[in-house]
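Notes for the one structure printed next.
Throughout, a chain's letter reflects where its sequence line sits, starting with A, and its residues are numbered from 1.
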Number of protein chains: 2
Amino acid sequence: MQTKEIWMAKLKEKGMRITAQREAIVDILLTSEKALDPLEVYDLTRRSHPSLGIVTVYRTMECLEHLGLLQKVHQACGCNKYLKLKAGHHHLLICTNCGRAVYFEGLNFEDQFEKVAENNNFQLQDHWLQLSGLCGRCQKI
Amino acid sequence: MQTKEIWMAKLKEKGMRITAQREAIVDILLTSEKALDPLEVYDLTRRSHPSLGIVTVYRTMECLEHLGLLQKVHQACGCNKYLKLKAGHHHLLICTNCGRAVYFEGLNFEDQFEKVAENNNFQLQDHWLQLSGLCGRCQKI
DNA sequence: GTTGATAATGAAAATCATTTTCAATAAGTA
DNA sequence: TACTTATTGAAAATGATTTTCATTATCAAC
Ligand SMILES: [Mn+2]
Ligand SMILES: [Mn+2]
Ligand SMILES: [Zn+2]
Ligand SMILES: [Zn+2]
């Protein structure tokens, strides 16, 4: 099953209807290599679906976030950008020039985080790690 | 020299004037154990300075950020909160219940971050690490 | 395939946070 | 003290997001 089919199935599962607008928005989000904000999604989606309203973009993205398919990404350029979520435990590497986002794994700092929390009398719940730099393409420019 | 004196001196250094409003806002920011957004600073400062306008809070906080005295903190509850900056390289541990923020040091992952970036053909520029959990006081409630 | 209940849509209005404008005021230097 | 000019706060402007609501479209039941 393709990712898009999985996403649409999840929508259906929750009793939501499959509409042309939702399909178009999902297409954009699944294709994008970088996190997008609602206005960016709106502009990109309108190329193929000019009558789309931005309200529908807001509603659809919020809904996809609740379904665990999109996640919010915080960057210097804004905290209202969303990226398709990858299953499992990962962290992000983001290009400061073009915004390309890459999930990476392999680092495991949990124990050290636990120790720091303990030292400070905190009960650790979560952690947030994000790397930023220039992606391959953007280094050459 | 007290921290407040250092802050006021930095303002003066940049040709800015010392006003009662700025002093009151700085008092609140230096006293707070957690990151605050402009509206919170406004409410807290108005207790001692009821005629204060919120525009002045926005302007003062932006200015303190540019001076490197405040930093923006990103949290689930909002990305417009500011915390007094600590000199040197630190990371934050934030209570998800009360917002208390603690700087910690001692962890050094730079080499591993470098390696991850390299593996992904990125030129590393920065990293962002933040831990969250329940602080000592909030665990007991 | 029709029908009907109701979820979804988009335009417009409302709301909320932040920024800009501007006349009055206050800080700090001479 | 007098003067220059940065600062202030009210009000207006802006920009992003949310709400409202009449219309339309989906999809399950016939
Ligand atoms: Mn991790
Ligand atoms: Mn670090
Ligand atoms: Zn790039
Ligand atoms: Zn706490």
Side-chain angles (χ1 to χ4, degrees), chain A residues 5 7-29 35-67 69-70 72-82, chain B residues 4-5 7-29 35-67 70 72-82:
Chain A
E5 289 171 331
W7 282 35
M8 300 323 278
K10 272 227 172 163
L11 287 177
K12 227 168 192 169
E13 219 171 84
K14 296 286 171 187
M16 309 184 66
R17 295 175 179 177
I18 305 305
T19 66
Q21 289 93 330
R22 283 179 177 164
E23 287 206 70
I25 290 169
V26 165
D27 282 338
I28 292 299
L29 288 166
L36 299 172
D37 65 36
L39 188 59
E40 290 172 316
V41 172
Y42 174 70
D43 287 338
L44 290 168
T45 310
R46 272 168 66 95
R47 290 181 187 171
S48 66
H49 208 289
S51 69
L52 177 73
I54 194 164
V55 205
T56 299
V57 176
Y58 275 103
R59 286 189 281 228
T60 302
M61 289 176 75
E62 189 193 10
C63 160
L64 292 170
E65 188 194 13
H66 287 150
L67 289 175
L69 301 171
L70 284 184
K72 233 183 197 171
V73 169
H74 303 250
Q75 285 177 269
C77 63
C79 300
N80 49 352
K81 291 180 179 287
Y82 290 84
Chain B
K4 181 175 173 187
E5 289 171 332
W7 282 35
M8 300 322 280
K10 272 226 171 164
L11 288 178
K12 226 167 191 170
E13 217 171 84
K14 297 286 171 186
M16 308 184 64
R17 296 178 179 176
I18 305 305
T19 66
Q21 289 92 329
R22 283 179 178 162
E23 286 206 70
I25 290 169
V26 165
D27 282 338
I28 291 299
L29 288 166
L36 299 171
D37 64 36
L39 188 59
E40 290 171 317
V41 173
Y42 175 68
D43 287 338
L44 290 169
T45 309
R46 272 168 66 96
R47 291 182 186 170
S48 67
H49 208 289
S51 69
L52 178 73
I54 193 164
V55 206
T56 299
V57 176
Y58 274 103
R59 286 189 282 228
T60 301
M61 290 175 74
E62 190 193 10
C63 161
L64 292 170
E65 188 194 13
H66 287 150
L67 289 176
L70 284 184
K72 234 184 196 170
V73 169
H74 303 250
Q75 285 176 270
C77 62
C79 300
N80 49 353
K81 291 180 179 287
Y82 290 83

Inset, instruction - Let me know the distance between OH of A:Y58 and C1' of C:dA8, rounded to the nearest Å. - result: 19 Å

Legend entry - Between C:dC16 (P) and B:I54 (CD1): distance, integer Å: 14 Å

Legend entry - Rounded distance (Å) that lies between atom C1' of D:dC21 and atom CZ of A:R59: 11 Å

Legend entry - Separation of atom OH in B:Y42 from atom C1' in C:dT19, rounded to whole Å: 16 Å

Inset, instruction - Compare every heavy atom of A:L70 with every heavy atom of A:W7, then report the nearest pair and how far apart it is. - result: CH2-CD2, 3.8 Å

Inset, instruction - State, to 0.1 Å, how close A:M61 and A:P38 come at their nearest heavy-atom pair, and which atoms those are. - result: SD-CA, 3.8 Å

Inset, instruction - Write down the distance between CG (B:L39) and C1' (C:dA17), rounded to a whole number of angstrom. - result: 9 Å

Legend entry - Any donor-acceptor pair under 3.5 Å from B:E62 side chain to B:R59 backbone: no

Inset, instruction - Working to the nearest 0.5 Å, report the span between CD1 of B:I25 and CG of B:L44. - result: 11.5 Å

Inset, instruction - Applying side-chain contact (heavy atoms from CB on, under 4.5 Å), run through A:K81 and A:C79 and close with a yes or a no. - result: CA-CA 6 Å; A:K81 291 180 179 287; A:C79 300; over 6 Å; no

Inset, instruction - Could you tell me the separation between the NE2 atom of A:H49 and the C1' atom of C:dT9, rounded to a whole number of Å? - result: 10 Å

Inset, instruction - Count the heavy atoms belonging to other residues, nucleotides or ligands that lie under 6.0 Å from NZ of B:K4, then report whether that count exceeds 12. - result: yes

Inset, instruction - Evaluate the side-chain proximity of B:Q21 to B:T60: yes if any heavy-atom separation is below 4.5 Å, no if none is. - result: no

Inset, instruction - Can you tell me the distance, in whole Å, between the NZ atom of B:K81 and the P atom of C:dT18? - result: 11 Å

Inset, instruction - Using a heavy-atom cut-off of under 4.0 Å over every strand shown, decide if B:L52 touches base, sugar-phosphate, or nothing. - result: sugar-phosphate

Legend entry - A:L67 versus A:K10, closest heavy-atom pair with distance: O-NZ, 3.8 Å

Legend entry - Under-4.0 Å side-chain N/O to phosphate OP1/OP2 contact, A:N80 with D:dA16: no

Legend entry - Stretch residues 11-27 of chain B: residues that reach within less than 4.0 Å of DNA chain D through a heavy atom: B:M16, B:R17, B:T19, B:Q21, B:R22

Legend entry - Sidechain-backbone polar pair: A:S48 side chain, A:T45 backbone, donor-acceptor under 3.5 Å: yes

Legend entry - Net bend of the helix from C:dG1-D:dC30 to C:dA30-D:dT1, end axes of five pairs each, nearest 10 degrees: 40°

Legend entry - Length of the line joining A:R46:CZ and C:dA11:C1', which is rounded to integer Å: 12 Å

